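Quick note: numbers below take in every heavy atom, side chains included, and nothing from hydrogens, waters or symmetry partners. Computed from a predicted model, the values in this text were never measured in an experiment.
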Amino acid sequence: MSIKILHIDSNHPVLWNQLEEAGFENHADFKSSKEEIENIIHVYNGIVIRSRFKIDKTFLDKAPNLQFIARVGAGLESIDCEYAKAKGIHLIAAPEGNRNAVAEHSLGVILSLFNNLNQADAEIKSGQWNRESNRGHELDGKTVGIIGYGNMGKAFAKKLRGFEAEVLCYDILENVGDENARQVTLEELQQKTDVLSLHLPWTPETDKMVNSVFINAFKKPFWIINTSRGKNIVTADLVVAMKSKKVLGAGLDVLEYEKLSFETLFQDKNTPEAFQYLLEAKNVLLTPHIAGWTFESHERLAQVIVDKIKKLYSK
């Protein structure tokens, strides 16, 4: 029996081509609404998606022949995973595909914040030559705390090996520390950290985790990097901490206000006050959810998905 796969988002050609070569039947629909897709999904055995819409119970109930959902990315929070598993649907993600990209981006953000690179560049281009106000910090001797020590956290710790920095990690799983990071309790991490980097999924447990109580539990003022999920941080609480100098700077690749499709952040142009502060602050570096989105990871993500789909049907 031919396995029919519906591609709901565009991806690197390697994904489509290799599935076709392996004998799968590919179909694409990048424009139809969720409701329109629901009307045709019953004929398909597999879905390949990035983030165009949520796959909820309503969608899954209209897909009686669905055998797998493959998300070309690291997380599966846009899918009702428990309901899908209850229906015997295999869930496939590709955190291995963009972990290196996220690690390099995180390192670049820290170095940029420490050395005021964006601010200094903007000042020179506007005719200012300010050396003292752009005096930087060195990563050497600092303590980097990583929360979430899976694919992304481990890749980032590996990148830090070239620096004389202490690297700590905290994770809900036991015994995940390695030669690149020492696993500690959350309390110890909060006592010692100079730079906090989040590499977490978005779950009920991590939602709004970084709030005022969490931030104030840190012993020292610290910098924060978030390349995980925007809703893991309460932006208003972060801004309060930045105004009080408890947080010295922030590099945010993801935002609490992020729309699922990423293309339009504020369609009504009603910018939240906290976000307006981030837009104007010199010690904030913002990027549009691109930490894991390099030219190399674009192909690597696709290849990981292909390999996992093929493995699923080789059993």
Side-chain angles (χ1 to χ4, degrees), residues 99-119 134-201 205-206 209-229 232-234 237-254 281-285 287 291:
R99 60 189 173 191
N100 183 71
V102 170
E104 291 192 8
H105 182 99
S106 300
L107 182 57
V109 169
I110 288 178
L111 296 177
S112 181
L113 285 173
F114 269 31
N115 294 284
N116 304 307
L117 297 184
N118 278 39
Q119 176 181 315
N134 285 306
R135 187 188 291 269
H137 298 269
E138 296 179 21
L139 192 51
D140 188 300
K142 301 292 191 299
T143 298
V144 179
I146 299 172
I147 297 185
Y149 205 60
N151 277 282
M152 309 302 172
K154 288 179 182 292
F156 179 46
K158 185 177 180 180
K159 297 298 179 189
L160 292 167
R161 288 177 64 176
F163 297 86
E164 295 297 326
E166 181 181 18
V167 183
L168 307 177
C169 67
Y170 169 75
D171 197 281
I172 59 173
L173 299 178
E174 296 181 356
N175 302 316
V176 297
D178 54 22
E179 67 276 12
N180 300 321
R182 179 168 65 89
Q183 187 168 6
V184 297
T185 63
L186 180 59
E187 290 73 21
E188 183 175 349
L189 184 142
Q190 290 173 317
Q191 284 290 306
K192 296 181 177 179
T193 289
D194 297 298
V195 179
L196 175 66
S197 190
L198 302 180
H199 298 277
L200 298 159
E205 291 72 31
T206 66
M209 182 186 79
V210 180
N211 55 25
S212 58
V213 174
F214 179 92
I215 292 170
N216 290 329
F218 281 75
K219 181 179 179 180
K220 300 182 284 185
F222 64 98
W223 286 265
I224 185 167
I225 310 296
N226 189 13
T227 56
S228 60
R229 291 295 182 261
N232 292 336
I233 294 180
V234 179
D237 290 357
L238 172 63
V239 168
V240 169
M242 295 188 75
K243 289 179 178 178
S244 70
K245 309 298 183 186
K246 181 69 174 184
V247 172
L248 301 171
L252 306 176
D253 184 54
V254 289
K282 291 183 177 181
N283 58 341
V284 173
L285 188 59
T287 50

| message | Could you go through V247 and L238, starting from their C-alpha distance and side-chain angles, then the distance that decides it, and tell me whether this counts as side chain to side chain contact (heavy atoms under 4.5 Å, CB included)? | response | CA-CA 8 Å; V247 172; L238 172 63; 4.0 Å; yes
Quick one: does [X]'s side chain get under 4.5 Å of [Y]'s, heavy atoms only?
| X | Y | answer |
| --- | --- | --- |
| S112 | N118 | yes |
| R99 | K154 | no |
| K192 | V184 | no |
| L189 | L196 | yes |

If only atom types and distance count, is the side chain of [X] paired as donor or acceptor with the main-chain N or O of [Y] below 3.5 Å?
| X | Y | answer |
| --- | --- | --- |
| E164 | D140 | no |
| K246 | F218 | yes |
| D237 | V240 | no |
| N180 | R161 | no |
| E166 | R182 | no |
| D171 | Y149 | yes |
| D194 | K142 | no |
| N211 | V213 | yes |
| K219 | Q190 | no |

| request: Check each of N116, L117, N115 against N134 using the side chain to side chain contact (heavy atoms under 4.5 Å, CB included) test, and report the only one that passes. | output: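 Of the listed residues N116, L117, N115, the side chain to side chain contact (heavy atoms under 4.5 Å, CB included) partner of N134 is N116.
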| message | Here's a test for you: under side chain to side chain contact (heavy atoms under 4.5 Å, CB included), which of I225, T206, V254, I233 qualifies with L198? | response |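 Of I225, T206, V254, I233, side chain to side chain contact (heavy atoms under 4.5 Å, CB included) with L198 is met by I233 alone.
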Please round to the nearest 0.5 Å and tell me the distance separating atom [atom1] of [X] and atom [atom2] of [Y].
| X | Y | atom1 | atom2 | answer |
| --- | --- | --- | --- | --- |
| E138 | L111 | CD | CG | 11.0 Å |
| L113 | K282 | CG | NZ | 14.5 Å |
| I110 | L139 | CD1 | CG | 6.0 Å |
| I147 | T193 | CD1 | OG1 | 7.5 Å |
| F114 | L248 | CZ | CG | 8.5 Å |

Shortest non-hydrogen contact from [X] toward [Y]:
| X | Y | value |
| --- | --- | --- |
| V167 | A157 | CG1-CB, 4.2 Å |
| L168 | A181 | C-CB, 4.5 Å |
| I215 | A241 | CG2-CB, 3.7 Å |
| H199 | I146 | CD2-CG2, 3.7 Å |
| F156 | V144 | CE2-CG1, 4.0 Å |

| query | Under the side chain to side chain contact (heavy atoms under 4.5 Å, CB included) criterion, do R229 and L200 qualify, and how do the steps go? | reply | CA-CA 7 Å; R229 291 295 182 261; L200 298 159; over 6 Å; no
| query | Got more than 12 heavy atoms from elsewhere within 6.0 Å of CD, E188? | reply |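 Yes, the 6.0 Å shell around CD holds more than 12 heavy atoms from other groups.
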| message | Around atom CD1 of I172, are there more than 12 heavy atoms from other residues, nucleotides or ligands closer than 6.0 Å? | response |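 Count not over threshold, so no.
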| Trace of the side-chain hydrogen bond (donor to acceptor under 3.5 Å, both in side chains) decision for N100 with K159 | CA-CA 9 Å; N100 183 71; K159 297 298 179 189; 2.7 Å; yes
| request: Could you check whether the rings of W223 and H137 sit parallel, tilted or perpendicular, using 30° and 60° as the cut-offs? | output: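 Ring orientation, 0 to 90° scale: perpendicular.
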| Regarding T287 and D253, is there a side-chain donor-to-acceptor distance under 3.5 Å anywhere? |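 Side-chain D/A pair, T287 to D253: present.
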| M209 and E205: side chain to side chain contact (heavy atoms under 4.5 Å, CB included), yes or no, with the steps? | CA-CA 7 Å; M209 182 186 79; E205 291 72 31; over 6 Å; no
